[in-house]
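Structure, as C-alpha coordinates:
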Amino acid sequence: GIQVEQSPPDLILQEGANSTLRCNFSDSVNNLQWFHQNPWGQLINLFYIPSGTKQNGRLSATTVATERYSLLYISSSQTTDSGVYFCAPPSGSYQLTFGKGTKLSVIP
Amino acid sequence: KAGVTQTPRYLIKTRGQQVTLSCSPISGHRSVSWYQQTPGQGLQFLFEYFSETQRNKGNFPGRFSGRQFSNSRSEMNVSTLELGDSALYLCASSSTGPTNTEAFFGQGTRLTVV
(Lines give C-alpha, C1' and ligand atoms only; values in the text may rest on other atoms or scores of the structure.)
Protein backbone atom coordinates (compact mmCIF):
# COMPACT_ATOMS: atom_id res chain seq x y z
CA GLY A 1 0.00 0.00 0.00
CA ILE A 2 0.85 3.65 -0.15
CA GLN A 3 3.44 5.01 2.29
CA VAL A 4 2.87 8.41 3.88
CA GLU A 5 5.55 10.48 5.56
CA GLN A 6 4.86 13.70 7.39
CA SER A 7 7.37 16.26 8.51
CA PRO A 8 8.31 17.66 10.88
CA PRO A 9 7.06 15.22 13.53
CA ASP A 10 6.96 17.97 16.15
CA LEU A 11 6.75 21.73 15.81
CA ILE A 12 6.69 24.42 18.47
CA LEU A 13 5.67 27.90 17.42
CA GLN A 14 5.20 31.23 19.07
CA GLU A 15 1.73 32.60 18.63
CA GLY A 16 1.58 34.65 15.44
CA ALA A 17 4.24 32.68 13.60
CA ASN A 18 3.73 30.91 10.27
CA SER A 19 4.47 27.28 9.50
CA THR A 20 4.55 24.74 6.70
CA LEU A 21 3.75 21.08 7.22
CA ARG A 22 4.72 18.56 4.58
CA CYS A 23 3.19 15.26 3.48
CA ASN A 24 5.03 12.95 1.08
CA PHE A 25 3.35 9.88 -0.38
CA SER A 26 4.77 6.99 -2.33
CA ASP A 27 2.16 6.50 -5.06
CA SER A 28 0.04 8.71 -7.25
CA VAL A 29 -3.25 9.69 -5.67
CA ASN A 30 -6.52 11.07 -6.92
CA ASN A 31 -7.32 12.92 -3.72
CA LEU A 32 -5.90 13.72 -0.32
CA GLN A 33 -7.34 14.96 2.95
CA TRP A 34 -5.81 17.04 5.74
CA PHE A 35 -7.17 16.72 9.26
CA HIS A 36 -6.59 18.41 12.59
CA GLN A 37 -7.03 16.17 15.61
CA ASN A 38 -8.25 18.16 18.57
CA PRO A 39 -7.33 17.38 22.18
CA TRP A 40 -10.47 15.28 22.54
CA GLY A 41 -9.49 13.05 19.66
CA GLN A 42 -11.87 14.14 16.95
CA LEU A 43 -10.49 14.49 13.44
CA ILE A 44 -11.60 17.78 11.99
CA ASN A 45 -11.63 18.14 8.21
CA LEU A 46 -9.35 20.88 6.96
CA PHE A 47 -9.00 20.23 3.25
CA TYR A 48 -10.04 17.76 0.61
CA ILE A 49 -7.50 18.56 -2.06
CA PRO A 50 -6.77 16.27 -5.01
CA SER A 51 -4.51 18.84 -6.61
CA GLY A 52 -3.82 22.54 -6.75
CA THR A 53 -4.24 25.02 -3.92
CA LYS A 54 -7.11 25.74 -1.56
CA GLN A 55 -7.43 28.36 1.13
CA ASN A 56 -9.62 28.60 4.19
CA GLY A 57 -8.92 31.60 6.35
CA ARG A 58 -5.44 31.38 7.83
CA LEU A 59 -4.93 27.89 6.43
CA SER A 60 -4.10 26.86 2.91
CA ALA A 61 -3.02 23.63 1.28
CA THR A 62 -1.28 22.72 -1.92
CA THR A 63 -1.08 19.27 -3.47
CA VAL A 64 1.31 18.48 -6.31
CA ALA A 65 0.13 15.01 -7.23
CA THR A 66 2.73 14.50 -9.96
CA GLU A 67 5.52 15.06 -7.43
CA ARG A 68 3.72 13.15 -4.67
CA TYR A 69 3.55 15.73 -1.95
CA SER A 70 1.17 18.07 -0.23
CA LEU A 71 1.82 21.11 1.95
CA LEU A 72 -0.31 22.66 4.67
CA TYR A 73 0.38 26.31 5.50
CA ILE A 74 -0.71 27.86 8.75
CA SER A 75 -0.33 31.60 9.02
CA SER A 76 -0.56 33.79 12.12
CA SER A 77 -0.83 30.73 14.32
CA GLN A 78 -3.07 30.75 17.39
CA THR A 79 -3.04 28.57 20.49
CA THR A 80 -6.19 26.90 19.23
CA ASP A 81 -4.19 25.59 16.27
CA SER A 82 -2.35 23.25 18.63
CA GLY A 83 -2.92 19.56 18.07
CA VAL A 84 -1.89 16.91 15.61
CA TYR A 85 -2.20 17.38 11.87
CA PHE A 86 -2.65 14.37 9.62
CA CYS A 87 -2.63 13.96 5.90
CA ALA A 88 -4.46 10.96 4.48
CA PRO A 89 -4.50 9.89 0.87
CA PRO A 90 -6.63 6.92 -0.15
CA SER A 91 -4.83 3.61 -0.38
CA GLY A 92 -5.94 0.58 -2.32
CA SER A 93 -9.61 -0.04 -1.87
CA TYR A 94 -11.90 2.08 0.23
CA GLN A 95 -9.50 3.18 2.93
CA LEU A 96 -7.44 6.18 3.93
CA THR A 97 -3.82 5.78 4.91
CA PHE A 98 -2.63 8.14 7.60
CA GLY A 99 0.82 9.48 8.23
CA LYS A 100 2.18 9.63 11.76
CA GLY A 101 1.16 13.25 11.95
CA THR A 102 2.79 16.53 12.91
CA LYS A 103 2.26 17.57 16.51
CA LEU A 104 1.96 21.34 16.64
CA SER A 105 2.26 23.29 19.86
CA VAL A 106 1.55 27.02 19.72
CA ILE A 107 2.70 28.89 22.78
CA PRO A 108 1.42 32.34 23.77
CA LYS B 1 -27.04 18.46 8.76
CA ALA B 2 -26.00 16.25 11.65
CA GLY B 3 -22.44 14.95 11.67
CA VAL B 4 -21.16 11.47 12.33
CA THR B 5 -22.32 10.17 15.70
CA GLN B 6 -20.45 7.54 17.66
CA THR B 7 -21.69 5.93 20.82
CA PRO B 8 -20.68 5.47 23.51
CA ARG B 9 -17.95 8.08 23.89
CA TYR B 10 -16.13 6.20 26.64
CA LEU B 11 -16.04 2.58 27.70
CA ILE B 12 -14.19 0.61 30.33
CA LYS B 13 -14.20 -3.15 29.90
CA THR B 14 -12.46 -6.10 31.50
CA ARG B 15 -10.17 -8.48 29.65
CA GLY B 16 -12.10 -11.31 28.06
CA GLN B 17 -15.32 -9.34 27.70
CA GLN B 18 -16.77 -8.22 24.40
CA VAL B 19 -17.81 -4.76 23.29
CA THR B 20 -20.02 -3.23 20.60
CA LEU B 21 -19.48 0.27 19.26
CA SER B 22 -21.97 2.16 17.14
CA CYS B 23 -21.63 4.70 14.34
CA SER B 24 -24.38 6.69 12.65
CA PRO B 25 -23.14 8.30 9.44
CA ILE B 26 -24.13 11.61 7.91
CA SER B 27 -27.56 11.39 6.35
CA GLY B 28 -27.28 10.18 2.77
CA HIS B 29 -23.82 8.68 3.21
CA ARG B 30 -23.64 4.99 2.48
CA SER B 31 -20.00 4.27 3.29
CA VAL B 32 -18.78 3.77 6.84
CA SER B 33 -15.16 3.04 7.75
CA TRP B 34 -13.61 2.20 11.10
CA TYR B 35 -10.13 3.04 12.34
CA GLN B 36 -8.19 2.24 15.49
CA GLN B 37 -5.81 4.80 16.94
CA THR B 38 -3.14 3.88 19.48
CA PRO B 39 -0.03 5.79 20.55
CA GLY B 40 2.23 3.05 19.21
CA GLN B 41 0.58 2.20 15.90
CA GLY B 42 -1.12 5.44 14.96
CA LEU B 43 -4.30 5.35 12.90
CA GLN B 44 -4.97 1.95 11.38
CA PHE B 45 -7.80 0.91 9.09
CA LEU B 46 -10.17 -1.75 10.42
CA PHE B 47 -12.87 -2.16 7.76
CA GLU B 48 -15.20 -0.36 5.39
CA TYR B 49 -18.85 -1.02 4.63
CA PHE B 50 -21.04 0.19 1.79
CA SER B 51 -24.70 -0.70 1.45
CA GLU B 52 -24.37 -3.45 4.06
CA THR B 53 -21.39 -5.07 2.30
CA GLN B 54 -17.88 -5.16 3.66
CA ARG B 55 -15.65 -4.01 0.82
CA ASN B 56 -12.32 -4.01 2.60
CA LYS B 57 -10.79 -5.21 5.84
CA GLY B 58 -7.54 -4.23 7.50
CA ASN B 59 -4.99 -6.47 9.10
CA PHE B 60 -6.72 -7.21 12.40
CA PRO B 61 -7.56 -10.53 14.04
CA GLY B 62 -10.95 -12.12 13.62
CA ARG B 63 -11.97 -10.86 17.07
CA PHE B 64 -12.72 -7.58 15.32
CA SER B 65 -15.89 -7.66 13.28
CA GLY B 66 -18.43 -5.24 11.99
CA ARG B 67 -21.68 -4.89 10.18
CA GLN B 68 -23.80 -2.28 8.51
CA PHE B 69 -27.54 -1.98 8.59
CA SER B 70 -29.94 -0.95 5.86
CA ASN B 71 -30.09 2.60 7.27
CA SER B 72 -26.26 2.78 6.89
CA ARG B 73 -25.63 2.74 10.63
CA SER B 74 -22.70 0.53 11.48
CA GLU B 75 -21.52 -1.39 14.49
CA MET B 76 -18.18 -2.93 15.26
CA ASN B 77 -17.66 -5.68 17.77
CA VAL B 78 -14.53 -6.78 19.56
CA SER B 79 -14.72 -10.12 21.32
CA THR B 80 -12.42 -11.53 23.97
CA LEU B 81 -10.91 -8.16 24.75
CA GLU B 82 -7.20 -7.84 25.35
CA LEU B 83 -5.31 -5.05 27.07
CA GLY B 84 -3.87 -4.07 23.69
CA ASP B 85 -7.33 -3.29 22.36
CA SER B 86 -7.36 -0.15 24.47
CA ALA B 87 -7.57 2.59 21.88
CA LEU B 88 -9.56 5.37 20.34
CA TYR B 89 -11.94 3.92 17.74
CA LEU B 90 -12.94 6.34 15.02
CA CYS B 91 -15.66 5.98 12.47
CA ALA B 92 -15.76 7.85 9.17
CA SER B 93 -18.63 8.38 6.79
CA SER B 94 -18.53 9.30 3.12
CA SER B 95 -21.06 9.27 0.35
CA THR B 96 -19.60 6.54 -1.84
CA GLY B 97 -16.33 5.63 -0.16
CA PRO B 98 -13.12 7.37 0.98
CA THR B 99 -11.29 6.52 -2.22
CA ASN B 100 -13.05 9.23 -4.18
CA THR B 101 -15.28 11.22 -1.83
CA GLU B 102 -14.52 13.23 1.27
CA ALA B 103 -14.61 11.35 4.57
CA PHE B 104 -15.92 12.87 7.81
CA PHE B 105 -15.12 11.47 11.22
CA GLY B 106 -17.08 11.10 14.41
CA GLN B 107 -15.83 12.08 17.85
CA GLY B 108 -14.61 8.57 18.54
CA THR B 109 -15.11 5.98 21.24
CA ARG B 110 -12.33 5.69 23.77
CA LEU B 111 -12.09 2.08 24.94
CA THR B 112 -10.08 1.13 27.98
CA VAL B 113 -9.52 -2.55 28.72
CA VAL B 114 -8.46 -3.35 32.29
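Only the side chain of A:Gln33 comes within contact range of chain B, with at least one heavy atom under 4.5 Å from a heavy atom of that chain. With a 4.5 angstrom heavy-atom cutoff, B:Phe45 touches chain A only via side-chain atoms. Contacts between B:Tyr35 and chain A at a heavy-atom distance below 4.5 Å involve the side chain alone, from C-beta outward.
Considering only heavy-atom pairs separated by less than 4.5 Å from chain A, the leading option among B:Glu48, B:Arg9, B:Gln41, B:Glu102 is B:Glu102. With chain A as the partner, the residue from B:Leu90, B:Thr96, B:Thr99, B:Leu88 showing the most heavy-atom pairs under 4.5 Å is B:Thr99. For the set B:Gln44, B:Gln37, B:Gln107, the count of heavy-atom pairs under 4.5 angstrom toward chain A peaks at B:Gln107. When each of B:Ala92, B:Gly106, B:Gly97, B:Ser94 is checked for heavy-atom pairs under 4.5 Å with chain A, B:Gly106 comes out on top. Among A:Phe35, A:Phe86, A:Trp40, A:Tyr94, the residue making the largest number of heavy-atom pairs under 4.5 Å with chain B is A:Tyr94.
Ion pairing between B:Arg63 and B:Asp85 holds under the 4.0 Å rule for side-chain N and carboxylate O.
Tracing side-chain contacts under 4.5 Å through hydrophobic residues (I, L, V, M, F, W, Y), one never reaches A:Val4 starting from A:Phe98; they form parts of separate clusters.
Between atom CD of residue B:Gln68 and atom CZ of residue B:Arg55 there is a gap of 9.0 Å, rounded to the nearest 0.5 Å.
Residues A:Arg22 and A:Ser7 have side chains that never bring a donor and an acceptor to within less than 3.5 angstrom of each other.
Listed for the B:Thr112 side chain is no donor-acceptor partner under 3.5 Å among the backbone atoms of B:Ser86.
Ring geometry for B:Phe104 against B:His29 counts as tilted: the plane angle lies between 30° and 60°, on a 0 to 90° scale.
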